[in-house]
Amino acid sequence: MNYFREKVIWITGASSGIGESLAVQLSALGARLILTSRNENALLQVKSQCTGNAVVLPADLSSCRFPALVQAAMAAYGKIDILINNAGIGQRATAEATSEAVLRQIMELDFYAPVLLTQALLPYFRENGGGQVVVTGSMAGLMGVPRRTAYAAAKHAAMGYFESLQVEHEIPGFSITIISPGRVRTNLSLNALHGNGARHGRMDEGQEKGIPAATCARKIIQAIAQQRKHVVIAGQEKWLWWVRKFIPPLYYRIARKYGSKHV
Ligand SMILES: NC(=O)c1ccc[n+]([C@@H]2O[C@H](COP(=O)([O-])OP(=O)(O)OC[C@H]3O[C@@H](n4cnc5c(N)ncnc54)[C@H](OP(=O)(O)O)[C@@H]3O)[C@@H](O)[C@H]2O)c1
């Protein structure tokens, strides 16, 4: 885990859940951090849990000027070694009930933000002999999920973009790690959007049964250190990925049944 010592790591969505756990654990491994999300006070709380250097850089990634934000992040330590695109927002609504505004809001944060931050950093990584980009996708980026049409679309799009970039780029020393978590016990369902933009505000049963955020973060950190291309991190629900891959008709039946039982 010397891999992280003195590395400058920019974590988005660092104020809670998986991002918060990543910050605390990476800091303990000697990394220097840049912490981004909208809520500055929550970021300062996370910073206070970090043992090493951490700089707070608040931003709304669904509506920001990415080149200016990248410049501000670069100014923190004069370099960036790893960008962890982790900020995200969930959905709890059918396709019919989801307004265009919510569809766009989810695409902005879950797809455009990681893509535009990455694109803004690529010339820098090329000039500086490499770097690493990590993206927190989702198992919903690998299969369709009821009441997650916009969320699954954004995560599938991110998967398509980053996998394509993996096989396209010719930047020496540059790598991309895609993480597809299953259910993780965080505030994701509380913060998820209804079709009219209202906050779901409830801890769903499935979310509650998820693996702890700290466990997810530990596995993400291992995947980053090993420069893995794609890792699925999940509890028992990981088998759904195999069913979707090898017996799709069974997956469709299970997903429909699961969808009718859950919010
Ligand atoms: N939990 C799961 O079961 C699960 C499963 C698969 C994938 N994921 C993915 O994991 C990532 C982290 O989610 P989480 O589970 O840790 O949920 P979370 O606790 O709700 O964290 C979401 C993070 O994103 C930030 N964020 C939300 N809107 C933002 C915006 N407009 N601009 C900047 N930051 C914003 C939030 O901070 P602020 O409110 O301070 O902005 C928060 O730090 C997401 O990409 C999510 O899709 C989670």
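Note that the structure is predicted; figures quoted are calculated from it, not measured. Atoms considered below: every heavy atom in the structure, side chains included; atoms not considered: hydrogens, waters and symmetry mates. Residues: numbered from 1 along the sequence shown. Order of appearance sets the numbers: ligands from 1, and atoms from 1 within every ligand.
- For the pair D204 (side chain) and G206 (backbone), a donor-acceptor distance under 3.5 Å is absent.
- The shortest heavy-atom distance from K155 to ligand 1 is under 4.0 Å.
- Among the atoms of G13, some N or O lies under 3.5 angstrom from an N or O of ligand 1.
- Side-chain contact between V115 and Q119: present, with at least one pair of heavy atoms (C-beta onward) separated by less than 4.5 Å.
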Task: Criterion side chain to side chain contact (heavy atoms under 4.5 Å, CB included) on I84 and L26, from CA distance to verdict - done: CA-CA 11 Å; I84 306 183; L26 285 167; 3.8 Å; yes
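- Hydrophobic clustering of Ile, Leu, Val, Met, Phe, Trp and Tyr side chains at less than 4.5 Å, counting indirect connections, unites L69 with I80.
- Under a hydrophobic-cluster definition in which Ile, Leu, Val, Met, Phe, Trp and Tyr are linked whenever side-chain heavy atoms come within less than 4.5 Å, directly or via other members, L103 and F111 are assigned to different clusters.
- The closest protein non-hydrogen atom to atom 32 (N) of ligand 1 is L61 N, 2.9 Å.
- Residue N39 approaches ligand 1 through these ligand atoms, each under 4.0 Å from one of its heavy atoms: 40 (O).
- Considering only non-hydrogen protein atoms, atom 22 (C) of ligand 1 sits nearest to G88 O, 3.6 Å.
- Close approach to Q207 involves these atoms of ligand 1, each under 4.0 Å from a residue heavy atom: 1 (N), 2 (C), 3 (O).
- Ligand 1 lies nowhere less than 4.0 angstrom from a heavy atom belonging to I89.
- Where the criterion is an N or O separation shorter than 3.5 Å, residue side chain and backbone included, M139 fails it with respect to ligand 1.
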TODO: List the steps, then state whether side chain to side chain contact (heavy atoms under 4.5 Å, CB included) holds for L165 with Y161.
DONE: CA-CA 6 Å; L165 186 58; Y161 175 91; 4.0 Å; yes
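- Look at G210 and you'll find every heavy atom at least 4.0 Å from all atoms of ligand 1.
- Side-chain N/O atoms of Q49 and E20 include a donor and acceptor closer than 3.5 Å.
- Between the choices G182, S21, A213, A192, the shortest heavy-atom distance to atom 5 (C) of ligand 1 belongs to G182.
- Protein heavy atom nearest atom 14 (P) of ligand 1, with residue, atom name and distance: T186 OG1, 3.5 Å.
- For S37, a nitrogen or oxygen atom sits less than 3.5 Å from a nitrogen or oxygen atom of ligand 1, counting backbone and side chain alike.
- Here the protein heavy atom with the shortest distance to atom 21 (O) of ligand 1 is S16 OG, 3.2 Å.
- A distance-only check finds no donor-acceptor pair linking the side chain of Y251 to the backbone of M143 [under 3.5 Å].
- Against a heavy-atom cut-off of under 4.0 Å, N187 is close to the following atoms of ligand 1: 19 (O), 20 (O).
- Residue G137 places a heavy atom under 4.0 Å from ligand 1.
- Nearest to atom 48 (C) of ligand 1 among the protein's heavy atoms is L188 CD2, 3.7 Å.
- Remark: ligand 1 atoms within the under-4.0 Å shell around heavy atoms of T136 are 9 (C), 10 (O), 11 (C), 45 (O).
- When only interatomic distances are considered, the shortest N/O to N/O separation between S138 and ligand 1 does not fall below 3.5 Å.
- When only non-hydrogen protein atoms are considered, atom 47 (O) of ligand 1 lies nearest to Y151 OH, 2.6 Å.
- Atom 37 (O) of ligand 1 has as its closest protein heavy atom S15 OG, 2.8 Å.
- Y77 and E6 share no side-chain donor-acceptor pair at under 3.5 Å.
- Salt-bridge formation is not detected for the pair E108/R104: no Lys NZ or Arg NE/NH1/NH2 atom is positioned less than 4.0 Å from an Asp or Glu carboxylate oxygen.
- Geometric assessment of K238 against the ring of W242 yields a negative cation-pi assignment under the 6.0 Å and 45° thresholds.
- Atom numbering of ligand 1 starts at 1 in the shown order; those under 4.0 Å from a heavy atom of A59 are 32 (N), 33 (C).
- Taken together through direct or relayed side-chain contacts under 4.5 Å among Ile, Leu, Val, Met, Phe, Trp and Tyr, F174 and V167 form parts of separate hydrophobic clusters.
- Using a 4.5 Å cut-off on side-chain heavy atoms (C-beta onward), S180 and W241 make no contact.
- Checked by distance only, ligand 1 and I18 come closer than 3.5 Å through their nitrogen or oxygen atoms.
- Linking ILVMFWY residues whenever their side-chain heavy atoms come closer than 4.5 Å, directly or via other members, places I221 and V184 in the same cluster.
- Here the heavy atom of the protein found nearest to atom 44 (C) of ligand 1 is N86 O, 3.2 Å.
- Of the candidates D60, D204, I211, I233, D60 brings a heavy atom nearest to atom 31 (N) of ligand 1.
- In R183, the part holding a heavy atom less than 4.0 Å from any atom of ligand 1 is the backbone.
- The CD1 atom of I89 sits 10.0 Å away from atom OH of Y151, with the distance rounded to the nearest 0.5 Å.
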